[in-house]
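All remarks here apply to the structure that follows.
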2 protein chains.
Amino acid sequence: MKSQPVDKAVNSLNFKAMDVAQAASASSIVFDTLRKAIIEGDLPDGTPLRQEELARMFNTSRIPVREAISRLEQQGLVSSQRYKGAVVAGISMEEVDEIFDLRALLESEVIRRAVPKISEETISAARVFCDQFTASSSPSEWGDLNRKFHCTLYEAAELPNHMNVINSILDRIDRYLRAQLALTDGMETASREHEQILQACIDGDAELAAKLTNRHVEGAKASLINFLQRER
Amino acid sequence: MKSQPVDKAVNSLNFKAMDVAQAASASSIVFDTLRKAIIEGDLPDGTPLRQEELARMFNTSRIPVREAISRLEQQGLVSSQRYKGAVVAGISMEEVDEIFDLRALLESEVIRRAVPKISEETISAARVFCDQFTASSSPSEWGDLNRKFHCTLYEAAELPNHMNVINSILDRIDRYLRAQLALTDGMETASREHEQILQACIDGDAELAAKLTNRHVEGAKASLINFLQRER
DNA sequence: ATATTGTGTATTGGATCCAATCCATGCTAG
DNA sequence: CTAGCATGGATTGGATCCAATACACAATAT
């Protein structure tokens, strides 16, 4: 009877960190962390994800780890076989080819529908990411900034389901995109094309923005496939 | 030492059912069954999915049930809140609008790329589904046959990742598509349009097939939205 | 009477334990 | 020496148990 109010008082003190959002579940933390690690290439293709090992890392039991792996598999980021475990899913040349086409199709359509709705704030936000991208000399940032630039513009279309699909497929190829940007002229051409796309958005030319985005993606695909073929 | 060969012999006898594929895991069975039930509308929007109840139904513990629900949520078929449970996810009017646009975009592109690669076998398989669809008087079959007809043609494009996306979004709206087909002239117009699409495929006219598919989907959207608006 | 607070129950999230399966290693038979 | 098989450790899948949370309902105070 007496100790309870004290607990409440204590709880009400550290509200800054928690705000309204309750603490994330263990499985979500594992999911988010692994997803990020895979996207950024910290876990190369084929890396086995052992449940007990991960459970130790996150100080949990294997249950949340399994749920996280299950979700990652549903998203195509890992592939797992019954009783044999899960590995980070790689991607074949044919899949790169197909997925970049899918990107080109979706992203050009989304930017087309975004342009008429783009606000000043969106433009300036995209401008910031665009400049940061061009200026950054840290390859580890390129992937993030590139994605933020594009997605900032896309968000204006207010098509959350399109974005879910785009984000899902971006997750699967982000590692390769990063590699492509690191190529000799990857950054350079990307920067130039971003500038053109942004200008088309400012001019309100939806068709041009769509066409440029399409070329941007298809160009990245060609460059990446070229790179991958020489690699092997 | 003696009994082992007997076991092996017994195992080698019932290979017909198992073939190479090992028995599905419990969580996969729960996932597939719930997915089907949601798609077909057996579990209406908002139906709560209680873990213990489902566990009893499937004669398992709650663990596989939770994994299944987690995967369903990842796919957007259920929405769950921490400590509050999961419910079958409904869909708003705006989402119907957006998702049908997404379908139109993807399906018209896929059929465009499928047409040049469509074989005689594909045509005859699609023919069968098309006729069965037109002839069927059982509303419960319409959804399946409609989807099989379209997907049979799409498969010829050999774009598995495009198909994954298409199937994923079809899963989310299948219930509503079934409702739309059941409308006064839903079946009739769908049948007629299927016939036209199939003919365009036979003629090898990719652009026409794409345009017809686009109209087919957008028409279904208009009809469905009209229906939903009167409903409420 | 109403708002608030405490309490009990239902339900989910996670930990621990057990069963099923795979795989590598070593043994045996030919 | 090699092919095949048995066996044990490693790893995953599932069951059971415990903790944390939400919600309904009752009790109380103003």
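By convention in this document, chain letters (A, B, ...) are assigned in the order of the sequence lines, proteins followed by strands, and residues within each chain are numbered from 1. Computed from heavy atoms alone, side chains included, the values below leave out hydrogens, waters and symmetry copies. All figures in this text were calculated on a predicted structure; none of them were measured in a lab.
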Geometric cation-pi criterion B:Arg103 and B:Phe100, 6.0 Å radius, 45° cone
yes

Below 4.0 Å: OP1/OP2 of C:dT21 and any side-chain N or O of A:Gln81
no

Taking OP1 and OP2 of D:dC23, is either one under 4.0 Å from a side-chain nitrogen or oxygen of B:Lys84?
yes

Pick out which of A:Lys36, A:Arg35, A:Arg71 makes a salt bridge (Lys or Arg N to Asp or Glu O under 4.0 Å) with A:Asp171.
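With A:Asp171 as partner, A:Lys36, A:Arg35, A:Arg71 yield a single salt bridge (Lys or Arg N to Asp or Glu O under 4.0 Å), made by A:Arg35.
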
Considering only D:dT11, D:dT21, D:dG14, which nucleotide approaches the side chain of B:Ser27 most closely?
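So the side chain of B:Ser27 is nearest to D:dG14.
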
Between C:dT12, C:dG14, C:dC22, which nucleotide has the shortest distance from any of its atoms to the side chain of A:Tyr83?
C:dC22

A:Phe149 meets the ring pair (Phe, Tyr, Trp, His ring centres under 6.0 Å) criterion, sequence neighbours left out, with A:His194

If we count only N and O atoms by modelled type, under 3.5 Å, do the side chains of [X] and [Y] hold a donor and an acceptor together?
| X | Y | answer |
| --- | --- | --- |
| B:His162 | A:Glu98 | yes |
| A:Arg66 | B:Ser27 | no |
| A:Asn161 | B:Arg172 | yes |

Interface residues of residues 53-75 of chain B with DNA chain D (non-hydrogen, below 4.0 angstrom)
B:Thr60, B:Ser61, B:Ile63, B:Pro64

Starting from [atom2] on [N], measure out to [atom1] on [X] and report it in whole angstrom.
| X | N | atom1 | atom2 | result |
| --- | --- | --- | --- | --- |
| A:Arg82 | D:dT12 | CZ | P | 14 Å |
| A:Glu52 | D:dG13 | CD | C1' | 14 Å |
| B:Gln51 | D:dT16 | CD | P | 15 Å |

